[in-house]
Amino acid sequence: MIHQTLKPFPKDFLWGASTSAYQVEGASLEDGKGPSFQDTKELPPGTADLTVSVDHYHRYKEDIALMAEMGFKAYHFSISWSRVLPEGIGKVNPKGIEFYNNLIDECLKYDIEPIITMFHFDMPAALEEKGSWSNAESSEWFKEFAQVLFENYGDRVKYWLTINEQNMMTLVGQLIGTLRVPEATTNLTKEIYQQNHHQLVAQAKAMQLCHEMLPQAKIGPAPNIALAYPNGNRPEDIIAEQNANAIRNWLYLDMAVYGRYNNLVWAYLEAKDATPTFAPGDAEVLKAAKPDFIAFNYYTSFTVEASDGSEQIDDKFADQQSAMSEPGYYRSVQNQNLKKTEFGWEIDPVGFRATMRALYDRYQLPLLVTENGIGAYDELTADGKVHDPYRIVYLREHIAQIQKAISDGVEMLGYNPWSAIDLISTHEGIKKRYGFIYVDRDEFDLKTLKRYRKDSFYWYKKVIATNGQDLSDQF
Ligand code: BGP
């Protein structure tokens, strides 16, 4: 579909960027914060620990001033569960509550809309000890946490996201380190999908509670959605593509929006003797909860072909974006039409439009982009500059596709790429940088932690100032 005239971005489009608590804050055990899984996990070799991260906890005022200078309309960040509830449940930490009050107020001072993710890969260590998401009580723990957040911040926060990338925790939880497997587990797939079920119930309870407590607020899920393509036009590859989309994408949103398990995924789980057990009341809770919008993270698309089930999967080097295969259902392959980032992730802006179209077609809910971006080895020059033309190209091409999606009739709420500021990557340390703002630190040397504006900072400032109309190179 070629549009002769593109529709403009909506006037109130939420231009901003994202971070997550453990990757940006630091102060990992300060002011009463309890440890989270991120503080107790085994670090990927050669990567920074998270005690200081980029020290946003102490420097948030400076950081938000820089975001305001870029013209941000929104700042999407996550709340550390164990900072507000050090044990995960029970006693609230007043200093933790105060920190996020300050952060929210600082955003509002500049008319920046705070967009909050409630859970981003950081289960409180105290709840890890109780079995984390494998414990059927986990949905109640999450509801209690949600209540604390709504009570304390609901007067000012309009946009809430439940669980970041639940699908990645389910599909590659072992690789990103978030999965806890109880010792007695015999059927790993069943265990993983039982945990996934608990998360779906937790999300549904939080969505319902939000609507009860904060009728003006909006809440939605935040999976990582990458449309799966068939590799070629063999009919068997189309079946594989449908399997891949159901297992990777639609399971999570069909449940969030329609309160039912996707039938292809249910059939897949039956074949593996891995269907989740419903506790009394789960079905009703899942059915009753409704999101107001869909937030999603997009980095790349995903290409698959038919699998005869015989292949050996070596996912030792996989990560949350790289290829995943499911023997007998789909085999992931590289897409020869796409270039890759320095870190091996395929770059597919057109796939971004295709993903937005598919999401809207299927769910008819407004969309909010909560992550998108390019990880790279940025360099600080002697005169304090960071020239990151590759980031400008990546963002420009993706933003252009949003405008095309808008012109296709897709309702878009905002764009919050990853990341507002450099932070510690999920498992590749600080060397893999994403921010508009460079932070002067290395993997193991904290250096000055000084902030520098990258070229992309000035460019994005111009994009926001023109409401997405000027995407040219000049800044
Ligand atoms: C997403 C996570 C983020 C972030 C991003 C980039 O999956 O939600 O936490 O880290 O990916 O990934 P990485 O840091 O591995 O490059």
Side-chain angles (χ1 to χ4, degrees), residues 16-26 36-38 41 43-50 53-54 56 75-81 115-123 161-179 199 220-226 248-249 252 295-302 315 317-324 340-347 352 355 368-378 388 390-391 394-395 398 415-436 439 443:
S18 301
T19 61
S20 90
Y22 77 89
Q23 293 176 282
V24 75
E25 284 176 6
S36 84
F37 148 77
Q38 294 294 343
K41 74 177 183 188
L43 290 172
T47 65
D49 71 30
L50 300 148
S53 291
V54 296
H56 189 55
Y75 173 36
H76 164 224
F77 56 91
S78 79
I79 286 189
S80 157
W81 188 341
I115 299 175
I116 293 187
T117 289
M118 298 161 67
F119 181 82
H120 190 124
F121 301 167
D122 57 353
M123 182 60 91
L161 316 179
T162 54
I163 298 178
N164 176 68
E165 296 199 350
Q166 184 183 328
N167 55 338
M168 294 298 108
M169 288 197 288
T170 300
L171 294 162
V172 289
Q174 276 167 309
L175 289 160
I176 56 177
T178 48
L179 180 70
Q199 289 167 20
N224 178 309
I225 300 297
R248 190 198 186 288
N249 299 320
Y252 303 88
F296 73 106
N297 301 345
Y298 174 90
Y299 288 88
T300 185
S301 56
F302 178 40
D315 55 6
F317 301 107
D319 55 31
Q320 69 273 44
Q321 298 305 331
S322 63
M324 291 175 274
K340 289 183 179 171
T341 71
E342 283 182 293
F343 286 84
W345 293 9
E346 289 174 347
I347 302 176
F352 189 29
T355 298
L368 177 66
V369 181
T370 37
E371 286 186 32
N372 171 240
I374 184 167
Y377 296 102
D378 293 339
D388 56 349
Y390 38 87
R391 183 162 293 110
Y394 181 100
L395 295 171
H398 284 79
Y415 180 63
N416 289 269
W418 190 259
S419 51
I421 181 167
D422 285 347
L423 38 69
I424 316 293
S425 142
T426 302
H427 53 110
E428 284 168 287
I430 183 81
K431 62 185 156 308
K432 187 182 192 185
R433 294 174 185 266
Y434 283 89
F436 293 106
V439 179
E443 222 59 71

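Atoms within each ligand, like the ligands themselves, are counted from 1 in listed order.
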For Thr426, atoms of ligand 1 separated by under 4.0 Å from a heavy atom = 3 (C), 4 (C), 9 (O), 10 (O), 12 (O), 13 (P), 14 (O), 15 (O)

Can Gln23 be said to touch ligand 1, with heavy atoms closer than 4.0 Å?
-> yes

Taking heavy atoms and a distance under 4.0 Å, where does Trp418 meet ligand 1: side chain, backbone, both or neither?
-> side chain

Atom indices of ligand 1 within 4.0 angstrom of Lys432 heavy atoms, with elements = 13 (P), 15 (O), 16 (O)

Is there any N or O on Glu165 that sits under 3.5 Å from an N or O of ligand 1?
-> yes

From CD1 (Ile347) to OG1 (Thr300), nearest 0.5 Å | 8.0 Å

To the nearest 0.5 Å, tell me how far Tyr434 OH sits from Asp388 CG.
-> 14.0 Å

Does NZ or CZ of Lys432 come closer than 6.0 Å to the centre of the six-membered ring of Trp418, within 45° of the ring's axis?
-> no

Side chain of Ser78, backbone of His120: donor and acceptor closer than 3.5 Å?
-> no

Can you find an N/O atom of Ser20 closer than 3.5 Å to an N/O atom of ligand 1?
-> no

Asn416 side-chain N/O to Ala17 backbone N/O, donor-acceptor pair under 3.5 Å = yes

State the atoms of ligand 1, each with its element, that fall below the 4.0 Å cut-off from a heavy-atom position in Ser425.
-> 13 (P), 14 (O), 15 (O), 16 (O)

Do any N/O atoms on Tyr434 end up under 3.5 angstrom from N/O atoms on ligand 1?
-> yes

May I ask you to decide if the ring planes of Tyr298 and His398 are parallel, tilted or perpendicular, using 30° and 60° as cut-offs?
-> tilted

What is the ring orientation for Trp81 with Phe119, classed by angle as parallel under 30°, tilted 30 to 60°, or perpendicular over 60°?
-> perpendicular

Centroid-to-centroid, Tyr377 to Phe343, below 6.0 Å?
-> yes

Please state whether Trp345 comes within less than 4.0 angstrom of ligand 1, counting heavy atoms only.
-> yes

Ligand 1 to Tyr22 polar contact by distance, N or O atoms, under 3.5 Å | no

Where on Asn164 is there a heavy atom closer than 4.0 Å to ligand 1, on the side chain, on the backbone, on both, or on neither?
-> side chain

